[in-house]
Amino acid sequence: MLTKKEEKSADTFWQEYEENTGEKVIKRGLGKYISGWDEFDEKKLGGIWGLIIETSGGFRFHHFPQNSWIDVLTRFADSGQPKEKTIFLPQEIIISSQLIKETKWWKKIFSNTAPLLVIKYAYKTESSDETTREKKLIFEVQHSSQEFIN
């Protein structure tokens, strides 16, 4: 018999999230990963949706896998369960963040361009000289994610 999972309230979810990470949630919203994280880019995960979260410790992206009944029927036995995908940038490596919104009224009317969240961060190369480089992590922010947009 199929049973329904007991759902948590949003307040309970965010309280538990803060307890698990040990960080205070400052801003949160829904966003779509575009590019900038090597692990995701190598696996061609561009376009996955998840929570975008600014915390006292840095920036987090958290994708929760979804299972529909079609997924269950079409999934191969050896592929296993889908896993959560996360990105964490500690505050100390974040160089800057910028929210880019379309300002031209005619583009707003004729296209559905969501604001882009661009986070520049520092990373060390794998070469022996340990050179620090700059990368950009890019997300499309859902229009209803007012905390990030404002």
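All values below come from the heavy atoms of this structure, side chains included, with hydrogens, waters and symmetry mates left out.
Atom-to-atom distance recorded for Y123:OH and W37:CH2 is 11.5 Å, nearest 0.5 angstrom. Atom NE2 of H62 is separated from atom CD1 of I87 by 11.5 Å, given to the nearest 0.5 angstrom. One distance of note links CG of L45 with OG of S35; it measures 12.5 Å at 0.5 Å rounding. Expressed to the nearest 0.5 Å, how far CD1 of I95 lies from NZ of K136 amounts to 11.0 Å. One finds the CD1 atom of I53 at 8.0 Å from the OG1 atom of T21 (value rounded to the nearest 0.5 Å). Put simply, CD on E18 and OG on S56 are 8.0 Å apart, with the number rounded to the nearest 0.5 Å.
For T55 (side chain) and K24 (main-chain N/O), no donor-acceptor pair under 3.5 Å exists by modelled atom type. The backbone N or O of R133 lies less than 3.5 Å from no partner atom in the side chain of K135, so there is not a single donor-acceptor pair.
In this structure the side chain of F64 reaches within 4.5 angstrom of the side chain of L51, judged on heavy atoms. When side chains are defined from C-beta on, F139 does not count as touching L99, because their heavy atoms never get closer than 4.5 Å. Residues V118 and I100 have side chains in contact (heavy-atom distance under 4.5 Å, counting atoms from C-beta outward). You'll find the side chain of I52 stays beyond 4.5 Å of the side chain of L30, heavy atoms only. Within the 4.5 Å cutoff, side-chain heavy atoms of F40 are placed close to those of I48. By the 4.5 Å heavy-atom criterion applied to side chains, F61 and T86 are not counted as neighbours. Put simply, the side chain of I94 reaches to within 4.5 Å of the side chain of I119, judged on heavy atoms.
The number of heavy-atom neighbours closer than 6.0 Å to NZ of K120, taken from other residues, nucleotides and ligands shown, is 12 or below.
Using a 4.5 Å cut-off between side-chain heavy atoms of Ile, Leu, Val, Met, Phe, Trp and Tyr, with links allowed through other members, F59 and Y121 fall into the same hydrophobic cluster.
A salt bridge links R60 to E23: one of the charged nitrogens lies within less than 4.0 Å of a carboxylate oxygen. Remark: R28 does not engage E54 in a salt bridge, criterion side-chain N to carboxylate O under 4.0 Å.
Residue pairs meeting the side chain to side chain donor-acceptor pair (under 3.5 Å) criterion with at least one member in residues 39-53, sequence neighbours excluded: Y33-D41.
Judged purely by distance below 3.5 Å, without hydrogens or angles, the side chains of E84 and H63 never pair a donor atom with an acceptor atom.
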